[in-house]
Amino acid sequence: MSTHAPTTPTPATPGKSMDAIMALCKRRGFVYQASDIYGGINGFWDYGPLGAQLKKNLREAWWQDMIMNPCWGRKGPGGERVRCVPVETCIIQHPKVWEASGHLAGFADPMRKCPGCGHFVRADQLWDVLVSTSEWFNSLIQEFEPAPAGTQTPGVNSVSLLKWARGKGKRLAPNLALVRSPEVTLSWLATRVNGQPSTPPDVIEIVRHLATEQLDATGLQDPCPRCGGVLGAPAAFKLMFETYAGIIQTDDNKVYLRPETAQGVFLQFKNVVDSTRVKIPFGIGNTGRSFRNEITPRNFTFRSREFEQAELEFFCHPDESFEWYKFWRDFRMEWWQSIGLAGENLILREHAKDELSHYSVGTSDVEYRFPFTAPGFGELEGIAHRGNYDLTQHQTHSKVKLDYFDTTRGETLPNGGKKGERYMPHCIEPAAGLDRGALALICEGYTVDPSRPSPEILKLHPRIAPIKAAVFPLMDKDGLPEIADKLTDDLFAKFGRLGFIESDAKQSIGKRYARMDEAGCPYCFTIDGDSAKDQTVTCRDRDTGQQMRMSIDKVVGFVGEKLGV
RNA sequence: GCGGGCGUAGCUCAGUGGUAGAGCAUCACGUUGCCAACGUGAGGGUCGAGGGUUCAAGUCCCUUCGCCCGCUCCA
């Protein structure tokens, strides 16, 4: 994930405070803190009734538009119908999967922490970081005398180092041993330089001396690139959740909760090809929970340790892969727009060349300007051209051939058929975060209109809204509830599988409208004294507050049209 | 992980070491009937948790958990 400043500064959306959005989410049952009654648990959130349905609607929209009727029936770059099939793969897979995918290697990099300032640095990159980004380090080496030609040994002058320690050093590297107790530190260095004149110290050894206060007790220390403090011992950062498959908890049984759903697709690529008559180009979709031990879970549900992804791996011939990459990138942007993220808060950002993985020729992010990232953006979905990296990795590690024999390619045979071509398919991966999507939809829909008696409105797209319609008898008597019950039944029968149909006869009509505004219900239908006479009701629009009289038997058709069903 | 802020009713928040509060919301009854209407009531709290000081702690001290912000990290 990444956040970036927009190219042109845009003011943060006024009136949208994350505190107010979070309060509404709890008040109306969208999002609760996980384990709330025990004080919560860092990085985990639950969905309440409306949130669960909202997220289900989002997942369902993805499933419909990506798997069942991909891209709304639109044709792909080659003029063919886009074809996709689903799989549902396990959260726990063979541990070697994560070795092959590179996720395990990513963790193997031990990190070192500075107890002074809390800075983390990757152990194997410490000296690179010092040279390239550490302010104090680059200031300090200015004080060294250039190393004579052909040697690695710069000269050091105690007087100038002492001056640096009492001047610039105090500001740049307050925790560096040289700054904290210059005389002691310099005497150790002098002992070393004079003690072994035949093997003079290089820059690294000099700096390690300058970072060490009690040489005989601790040995040489490594300094923190930010404050100069003594770095702790390298420790493995485990960003994957570990557990054990089997009742004996030994390393032999250690398994991981997946950090992404995509790998499950690559693992079953061969089975899908062999069992379902799919032909390249085609996609395999997979939705489900993933887990990452985020170092700093933050910003409400945006960075959670347990989250849900909706990922498509689309396989195609290498020669067509770039066209497909552009196709999916553009469609995914359009899709998010179609469910309500239509404004300037949504951008498609193409990664710069230096951001790309070595195997990728293109990656784009669909990014949303959340209230907490504004004026920057936060990632909703990444569309990556992954080349044949994953299939190749799994082929290498599993020793199972994962290439594809394409009978539509190759030279034409005398009988008119094709000779065929064997190749490793390339893969385009649109990978969306459903929790981030749900959060973006809530943030985008959240609107404060002080001119209305109920200022807080959640303008959710009807397709996504958890409550599809509400029916209110204006009075709880005179036969009105009976008419309302009938209409409620009709709406339930038609739309009950898509979302909630609310019915409420209590309290003033204004309060009932206001409640539905906050819950994001797009349309309310009110039965009044005239309804029995002329068979009409009032349809009240959430976003405008406007009312429209319509015949009762038109209501179901009206709602269906708005829901796009 | 560091620094700052916060944590009291479903929500927003008052609360000076001395009886646990307000507004809104929820529910009931009555009145009303198209935009959080009015009246009368009701329910709802281990004051985030655990220790300590004190005759007495929501309030002071220590520890801890969670949320927000800024760093840091984000394979």
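All heavy atoms count here, side chains included; hydrogens, waters and symmetry mates do not. Chain letters run A, B, ... following the sequence lines, proteins first, then strands; residues in each count from 1.
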*Asks:* With a 3.5 Å limit on both atom pairs, tell me what B/rG41 is paired to, counting Watson-Crick and G-U wobble, or say none.
*Replies:* B/rC27
*Asks:* Give a yes/no answer on whether the side chain of A/Asn299 brings an N or O atom under 4.0 Å of OP1 or OP2 in B/rC69.
*Replies:* yes
*Asks:* According to the Watson-Crick and G-U wobble definitions, with both distances under 3.5 Å, which nucleotide is paired to B/rU19?
*Replies:* none
*Asks:* Looking only at N and O atoms, is any donor in the side chain of A/Gln507 or the base of B/rA28 less than 3.5 Å from an acceptor on the other one?
*Replies:* no
*Asks:* May I ask you to decide if the ring planes of A/Phe372 and A/Phe370 are parallel, tilted or perpendicular, using 30° and 60° as cut-offs?
*Replies:* parallel
*Asks:* Salt bridge check: are A/Asp517 and A/Arg452 linked by an N-O gap of less than 4.0 Å?
*Replies:* yes
*Asks:* What verdict does the side-chain contact (heavy atoms from CB on, under 4.5 Å) test give for A/Phe314 and A/Trp328, after you've listed the backbone C-alpha separation in whole Å, the side-chain angles of each residue and the deciding distance to 0.1 Å?
*Replies:* CA-CA 9 Å; A/Phe314 193 85; A/Trp328 282 111; 3.3 Å; yes
*Asks:* Which residue is it: A/Arg515, A/Arg27, A/Lys16? I am looking for the one with a salt bridge (charged side-chain N to carboxylate O under 4.0 Å, His left out) to A/Glu456.
*Replies:* A/Arg27
*Asks:* Could you give the distance separating B/rU31 and B/rC68 at their P atoms, to the nearest angstrom?
*Replies:* 48 Å
*Asks:* So A/Arg452, base contact, sugar-phosphate only, or nothing? Heavy-atom distance under 4.0 Å.
*Replies:* nothing
*Asks:* Among B/rG10, B/rA36, B/rC69, which nucleotide has an atom closest to any side-chain atom of A/Ala514?
*Replies:* B/rA36
*Asks:* Mind checking who B/rA49 pairs with, Watson-Crick or G-U wobble, both distances under 3.5 Å?
*Replies:* B/rU63
*Asks:* Watson-Crick or G-U wobble partner for B/rU54, using a 3.5 Å limit on both distances?
*Replies:* none
*Asks:* Who is the Watson-Crick or G-U wobble partner of B/rG70, with both distances under 3.5 Å?
*Replies:* B/rC2
*Asks:* Report the nucleotide, chosen from B/rG66, B/rC34, B/rA37, that has the shortest atom-to-atom distance to any side-chain atom of A/Ser508.
*Replies:* B/rA37
*Asks:* May I ask which nucleotide in the shown strands pairs with B/rC35, Watson-Crick or G-U wobble, both distances under 3.5 Å?
*Replies:* none
*Asks:* Is any N or O donor-acceptor pair between the side chain of A/Arg540 and the base of B/rC35 shorter than 3.5 Å?
*Replies:* yes
*Asks:* Kindly indicate whether the side chain of A/Tyr513 and the base of B/rC34 share any N or O donor-acceptor pair separated by less than 3.5 Å?
*Replies:* yes
*Asks:* Looking at A/Lys506, does any N or O in its side chain come under 4.0 Å of the phosphate oxygens OP1/OP2 on B/rU26?
*Replies:* no
*Asks:* Does OP1 or OP2 of B/rA36 have a side-chain N or O of A/Ser454 closer than 4.0 Å?
*Replies:* no
*Asks:* Identify which nucleotide among B/rC67, B/rA36, B/rG33 has an atom closest to any side-chain atom of A/Trp45, counting heavy atoms from C-beta outward.
*Replies:* B/rC67
*Asks:* Taking for each residue the nucleotide of RNA chain B with the nearest heavy atom, is it A/Pro297 or A/Arg27 whose nucleotide lies nearer the 5' end?
*Replies:* A/Arg27
*Asks:* Has A/Asn42 got a side-chain N or O lying under 4.0 Å from the OP1 or OP2 atom of B/rC65?
*Replies:* no
*Asks:* Looking only at non-hydrogen atoms, find the nearest pair between A/Phe300 and A/Met18 and report the distance.
*Replies:* CD2-CE, 3.9 Å
*Asks:* What about A/Asp528: does its side chain form a donor-acceptor pair under 3.5 Å with the base of B/rC34?
*Replies:* yes
*Asks:* Classify the angle between the aromatic ring planes of A/Tyr513 and A/Phe472 as parallel (below 30°), tilted (30 to 60°) or perpendicular (above 60°).
*Replies:* tilted
*Asks:* Hey, which sits more toward the 5' end of RNA chain B by its nearest nucleotide, A/Glu294 or A/Ala23?
*Replies:* A/Ala23
*Asks:* Determine whether a donor-acceptor pair (one donor, one acceptor, N or O, separation below 3.5 Å) exists between the side chain of A/Arg28 and the base of B/rG10.
*Replies:* no
